[in-house]
Amino acid sequence: MASVTLKDVRKAFGSTPVVHGVSVEILDGEFAVLVGPSGCGKSTLLRMIAGLEEITGGAIEIGGRVVNDVLPKERDIAMVFQNYALYPHMTVADNMGFSLKLAKRPRQEIEDRVREAAKILGLTEYLERYPRQLSGGQRQRVAMGRAIVRNPQVFLFDEPLSNLDAKLRVQMRTEIKELHQRLKTTSIYVTHDQIEAMTMADKIVVMNAGRVEQIGAPLELYDDPANLFVAGFIGSPAMNFLPGRVVANGAGLAVELGGGVRVAAPRVQAPLAPGREVTVGVRPEHFAVSAQGVPAEVIVVEPTGADTQIFCNLAGVEVSAVVRERHAFRPGEAIRLAPQLAYLFDPGNGARIR
Amino acid sequence: MERLLHSRNFLGLVFMVPAGVLLLLFLTYPLGLGVWLGFTDAKVGRTGAWVGLENYQFLLGDSVARLALFNTLFYTVVASVLKFVLGLWLALLLNKHLPFKAFLRAVVLLPFIVPTALSAIAFWWLYDAQFSVLSWVLTRLGWIDRYIDFLGDPWNARWSVVAANVWRGVPFIAITLLAGLQTISPSLYEAAAIDGATPWQQFWNVTLPLLTPIIAVVMTFSVLFTFTDFQLIYVLTRGGPLNATHLMATLAFQRAIPGGALGEGSALAVAMVPFLLAAILFSYFGLQRRKWQQGGTDA
Ligand SMILES: Nc1ncnc2c1ncn2[C@@H]1O[C@H](COP(=O)(O)OP(=O)(O)OP(=O)(O)O)[C@@H](O)[C@H]1O
Ligand SMILES: [Mg+2]
């Protein structure tokens, strides 16, 4: 097992830079998730760690050793690809044992280790099958099996669940998490699905357009987002953003939203001068239906059973609120929503105002 | 009637009729006629009488026919192996990220596009005993001091026609294998690289096995076309010197048309069929059907 350290890692394809200096430290045994929208450079970064892509600048260390110029096979990593990349002409057993065969391990040892991995993954009955005779979920397991027989220093996953249906995805999510708890191998997992990131990660690295936006534990990112991007990306349904302006309100400060609607300004350390433009962020689950709230007009109500999601027009912005209690509001009905917790952001650079 | 018209099978049959008639007319008839003639003593201008296996017995004892069989096997085996090796090498090369990729691929196809008769004439010049460019260059380089008699010496001639055949046949194989190479997902190579495979091991363990089905198809075609080659030999050597380059096809033609022995020529041509069938069966059962790809595509 090993730690993985990225120091100002950069990547350009020709003259097009796609990763602009990423520094991350992933501790020994940690499950780190790289998350971000499509095209932000997650796969590129992972492939640089694997050695499949050259590093344009910076340094990558695995277990304290700089691996910038080390071949993939000498980095002692295993990778699970999005399309699984199983060898179609090899049986499941041969697929899993291929790396050991190349390493010239004794036949018996290969067989034992493949059986062991197959047992962990529930693949024992399928060892003699070919990849095309397996379901998507089984192929996914074979791809993981191929990684674990090697007992590498680091596991790399590139969106391994994105080809599975929703139910299987949830199940495999748990299985991967359990597997990690059992093997405790340092893992780096790429996904664009923030729920996957939240549920699996010890540490989340939120990326956007080739840069790191924030690094932290899942709940840290949820509770304390550093900027508009992270606030909007982490959490589902996404945080609502309302443009407004700071105004004096008696002794304290308030934020005036569109249409003269005022909400109390969240307590922040930074000095807030009246007249300053801000963006107020409120998570849907932090709205409460309450007589003390600000007026809103119901657009749609979606009961999910456990809770109720209300879409409404608040100060000219469409916001969503998720409340535990059941409501039977009709479209057009006037209600009052009270934000229990709000964040302030600078609309210029998107930074959080703390 | 209504039901019949709507049944897929019936409509299928109807649509197959024109193709079937054409096949019968232009394929079965000449083939049947050839087989029939092989059992007669037909000459040009005279319908033959049934002679049973007499033609075949004669050919078995005929040293020229036996030499033609040897030449054909030599020509087919050597040319096919060379074409395969060169074609695969070219395909691998063209599959790399090269500058002017499209242009290079077009250039490789050139020998395939030029009509055989034309390229044969070009080779005829290359191999000419007095005006050979090859000999000229080699003497200039000081590697040889006498012009090579490419087509005058039996073994020189055999290798020369093989070289011409290879030159003409490589593009088809290279381009087909290139198409096959491009269907192999790059992530398989990446997975293999991470699994610890050297480029050479990747070739043996990933490229070659995944290419076998297409290799089987293209090499079957290549073997069939080489075995039955006629044009190239006829333009370059007409089977000479001393019948050293006579293939079964050219000998059959020579016996039948200029020689007038239609029955004997036909028998010689028919004698090629078992070899061709064997090649097809071998490729079909030995190479083409792979368990991992049976009944569908791979993910
Ligand atoms: N080989 C390449 N040549 C040129 N540009 C590339 C190459 N590979 C990736 N890119 C570019 O780099 C950027 C990042 O790509 P990358 O595949 O890392 O995105 P990603 O975050 O993994 O996205 P996704 O979630 O869609 O997989 C993209 O803008 C892409 O167009
Ligand atoms: Mg990706």
Residues of residues 173-181 of chain A with a heavy atom under 4.5 Å from any heavy atom of chain B, in residue-number order, are none
Residue list, side chain to side chain donor-acceptor pair (under 3.5 Å) with D195(B), at least two apart or on another chain: Y87(A)
Atom group of R129(A) that falls short of 4.5 Å from chain B, counting heavy atoms: neither
Side chain to side chain donor-acceptor pair (under 3.5 Å) filter on H192(A), not counting sequence neighbours, yields E159(A)
Part of I77(A) lying under 4.5 Å from any heavy atom of chain B: both
Is there a side-chain contact between F123(B) and L232(B), using heavy atoms and a 4.5 Å cut-off? no
May I ask you to check whether W155(B) and F74(B) place their ring centres under 6.0 Å from each other? yes
Residues two or more places apart in sequence or in another chain: which of them pass side chain to side chain contact (heavy atoms under 4.5 Å, CB included) with A197(A)? V33(A), V35(A), T191(A), I204(A)
Check: Q140(A) and Y84(A) side chains under 4.5 Å, non-hydrogen atoms: yes
Using non-hydrogen atoms and a 4.5 Å limit, figure out which bit of E190(B) sits close to chain A: side chain, backbone, both or neither. both
Test salt bridge (Lys or Arg N to Asp or Glu O under 4.0 Å) on E111(A) and R107(A); report intermediate values, then the result. CA-CA 6 Å; E111(A) 202 170 296; R107(A) 273 256 304 282; 5.1 Å; no
Quickly, which of L6(A), V205(A), T44(A), L34(A) forms a side chain to side chain contact (heavy atoms under 4.5 Å, CB included) with V22(A)? Name it, please. L6(A)
Tell me, out of A50(A), G136(A), A143(A), S99(A), who's got the most heavy-atom pairs with chain B below 4.5 Å. S99(A)
Name the option with the most non-hydrogen atom pairs under 4.5 Å to chain B; the candidates are R75(A), H89(A), E74(A), K73(A). H89(A)
